[in-house]
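Okay, structure first, notes after.
The chain is numbered in sequence order, starting from 1. What you see below is based on every heavy atom in this structure, not just the backbone, and it leaves out hydrogens, waters and symmetry mates.
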Amino acid sequence: MRAKFLLACLMVLLPAKTLLAQFTGDVIGMHDLGPGSKSPITGARPDFCMYCHEPHSSLGGRLPLWNQKLTVQSYSFYTSDTEKNRGTQPVMGADSNLCLSCHDGTVAPGTTVVYGQVTMQGSMYSYDIFGSNLQPSHPFAFALPLKDNIDLTASLASKGITGDPTGAVRLINGNVECTSCHNAHVQAKDLISQNFLVRDSSRGQMCLACHDPTRQMAGKVNPLANWAACAHALVQNKIAPQANLGSYTTVAQDACISCHAPHNAQGPARLLRGPNEQDCIACHSGGSNITPAPPSVFAEYTAPKVGHPFPTSTTPHDAAESSILNNNRHATCVDCHNGHGSAQVGTFPVAPLIRISQKDVTGISATDGTTVLNPAVNQYENCFRCHGSSAGKAVRPIYGYLPVRAASAGDPLNIIPQFSLTSASSHPVTHVSSSPLPQPSLLSNMLNLDGVTQGRAMGTQIFCTDCHNSDDNREFGGPGPNGPHGSKWTHILERRYEFSQTIAPGQLVTNLFRNPDLSVNGPYALCGKCHSLSNIMTNASFSQHQSHINAGFTCSTCHTAHGIGGTNPNITGQRLVNFDVNVVAQNGAAPISYNRATNTCTLACHETAHNPNGTVAAFGSRPAGGRKK
């Protein structure tokens, strides 16, 4: 009766036009705990306001006539090493404490101050109960004053107001509280995300009230920069309900909450829906969660394919980790992609510029191997985070055989010296090719994955991903994702590339490919992407190419794939000649060497001794003469 009396008084005081605006349709929604309501938990009292409020509440003070018993729970709060503001225990009776008096699960709904425990039926949804661990929920009740940061709206710390143009998202007594984002009295201000939001939050509008992608500060990089042009802010792919990525129907409408969950997030920090790559898997693993579905990146990690190593419990990724990944080997999605800046690839820039799908990622300079570039300009700079001067690099057999070169800079896994301008020769990744020698086998266009149709024009430089790429990538005619996610070929190579191997240097090669298939299915497929194998078989650049290929030896026996990383007085390095000393051995006391002028080498391979005068003999003898190669 009391509730009806109060409502009647309110109706007398308000004009008819206001009444129509206030009381049509679902207003209080799930917070109506009265009998027969839509709430999952209902009580015996019909006056639904009284579950939270009482006109003569004994709690008094500045509380809004509060009737629900207050929680006295202590909480652990959201923390991350990129967070500037830290949460404190909510003040008793403050807005967040009132909300948590139901939502932390320690005080049962209907536990009133005035009426005692009201008889209740049902139970709250589990996702609405936060418990004492608030690490997976958006932080609030910060220690004041608020600290400024590059990705925050400037007015938060300076003026105590958000950037929401409607004024609906606001600070409460200068702080972020539950009621900054939620209005407990109106469930459906956002008609799609009916979660008691203070305003429509489609396209990340509530998040953007406090987080500003456009802000600039001297000497700092905004991790949200370029959000407005990001694929996650623009693409109209539809989201299926079973994806559980939020309430909205498209990726663009979902925006921030496609990847971040304001409450009960599964990731250890930054409110991610899953830790590291698990945050991306709902959309980028094929299936029916997203329509049309983007190519399945995660299929590239499924056997028999092998992909970059995801983090483990002993190799965690963290947003604040060093740009050079020393002694911490992992390659989660965000090491190569920035979810706030990554744009949808329509056209590919010329080499070596970074792809727009990698926009705003960090890189390492090729000049010294240590200078951090944020953001990276060229694709190879991002690769150098792991494949450059970092310590703790390891050889993993799962990626395949690793040659050992006659000329090496010491760390064979540091590819920066191999591509440098001082290298005797290298593939033109970090700089334009400077070789004075003719390249008779070089094609004008790279060949697509079918080995027949022409792909991208050759240009003056190439990408790392021209060799290391998904074996079914779209750029070269396949249906799969672009980039070195994973491949059925060793070392995450786009196409087949065989390595000659022996039991011991100089001994018989155990995997000969005699009279090999020179098509896209053969052991020379990767080299055939850029080089005419038929031209090579004419001996246009080396007089013994045809005989070596027909005998079954692979390119890797004599050539290094990246470049000559070190110096060797006997290996001058033209045309990437740098023998694999696991396969070749010294010919007696003579060092392994190559003379480009005479097209001869001095070494032992496949139980055959190659002599400086161009003759060959059985390994172990070195006559003055002998049969010609």
Margin query: With ring pair (Phe, Tyr, Trp, His ring centres under 6.0 Å) as the rule and sequence neighbours excluded, what pairs involving residues 199-232 come up?
Written below: none

Checklist line | All pairs passing salt bridge (Lys or Arg N to Asp or Glu O under 4.0 Å) where residues 200-220 contributes a residue, at least two apart | finding: Asp148-Arg215

Notebook entry, point to check: What residue pairs, at least two apart or across chains, pass salt bridge (Lys or Arg N to Asp or Glu O under 4.0 Å) with a residue in residues 272-298?
Noted result: none

Sequence neighbours excluded and cut-off under 3.5 Å, please list the side-chain donor-acceptor pairs for residues 292-300, or say none.
{"unit_1": "Ser296", "atom_1": "OG", "unit_2": "Ser285", "atom_2": "O", "d": "3.3"}
{"unit_1": "Ser296", "atom_1": "OG", "unit_2": "Ala299", "atom_2": "N", "d": "3.2"}
{"unit_1": "Glu300", "atom_1": "OE1", "unit_2": "Lys305", "atom_2": "NZ", "d": "2.9"}
{"unit_1": "Glu300", "atom_1": "OE2", "unit_2": "Lys305", "atom_2": "NZ", "d": "3.4"}

Notebook entry, point to check: Heavy atoms, side chains only, cut-off 4.5 Å: are Ser123 and Ile41 in contact?
Noted result: no

Next item on the list: State, yes or no, whether a side-chain contact exists between Leu156 and Thr162 at a heavy-atom distance under 4.5 Å.
Entry: yes

Notebook entry, point to check: Do the ring centers of Phe77 and Phe140 come within less than 6.0 Å of each other?
Noted result: yes

Note to self: Can you confirm if the aromatic rings of Phe310 and Tyr301 lie within a centre distance of less than 6.0 Å?
What the structure shows: yes

Next item on the list: Look up atom CZ in Phe348 and atom CG in Asn482, then write down how far apart they are to the nearest 0.5 Å.
Entry: 4.0 Å

Checklist line | Nearest-0.5 Å distance that lies between atom SG in Cys383 and atom CD1 in Ile354 | finding: 8.0 Å

Checklist line | Cationic tip of Arg45 above Tyr115 ring, under 6.0 Å, 45° of axis | finding: yes

Next item on the list: Could you tell me which non-hydrogen atom of Ser101 sits nearest to which non-hydrogen atom of Val107, and how far apart they are?
Entry: O-CB, 3.2 Å

Cut-off 3.5 Å, no hydrogens considered: what does the side-chain donor-acceptor table look like for residues 177-184, sequence neighbours left out?
{"unit_1": "Glu177", "atom_1": "OE1", "unit_2": "Ser96", "atom_2": "OG", "d": "2.4"}
{"unit_1": "Thr179", "atom_1": "OG1", "unit_2": "Asp95", "atom_2": "OD2", "d": "2.6"}
{"unit_1": "Ser180", "atom_1": "OG", "unit_2": "Arg170", "atom_2": "O", "d": "2.7"}
{"unit_1": "Ser180", "atom_1": "OG", "unit_2": "Glu177", "atom_2": "N", "d": "3.1"}
{"unit_1": "Ser180", "atom_1": "OG", "unit_2": "Glu177", "atom_2": "O", "d": "3.3"}
{"unit_1": "His182", "atom_1": "ND1", "unit_2": "Asn195", "atom_2": "O", "d": "3.1"}
{"unit_1": "Asn183", "atom_1": "OD1", "unit_2": "His185", "atom_2": "N", "d": "3.0"}

N/O donor to acceptor pairs below 3.5 angstrom from side-chain atoms of residues 131-138, sequence neighbours left out:
{"unit_1": "Asn133", "atom_1": "OD1", "unit_2": "Ser76", "atom_2": "OG", "d": "3.2"}
{"unit_1": "Asn133", "atom_1": "OD1", "unit_2": "Gln135", "atom_2": "N", "d": "3.1"}
{"unit_1": "Gln135", "atom_1": "OE1", "unit_2": "Thr79", "atom_2": "N", "d": "2.9"}
{"unit_1": "Gln135", "atom_1": "OE1", "unit_2": "Thr79", "atom_2": "OG1", "d": "3.2"}
{"unit_1": "Gln135", "atom_1": "NE2", "unit_2": "Thr79", "atom_2": "O", "d": "3.1"}
{"unit_1": "Gln135", "atom_1": "NE2", "unit_2": "Pro268", "atom_2": "O", "d": "2.9"}

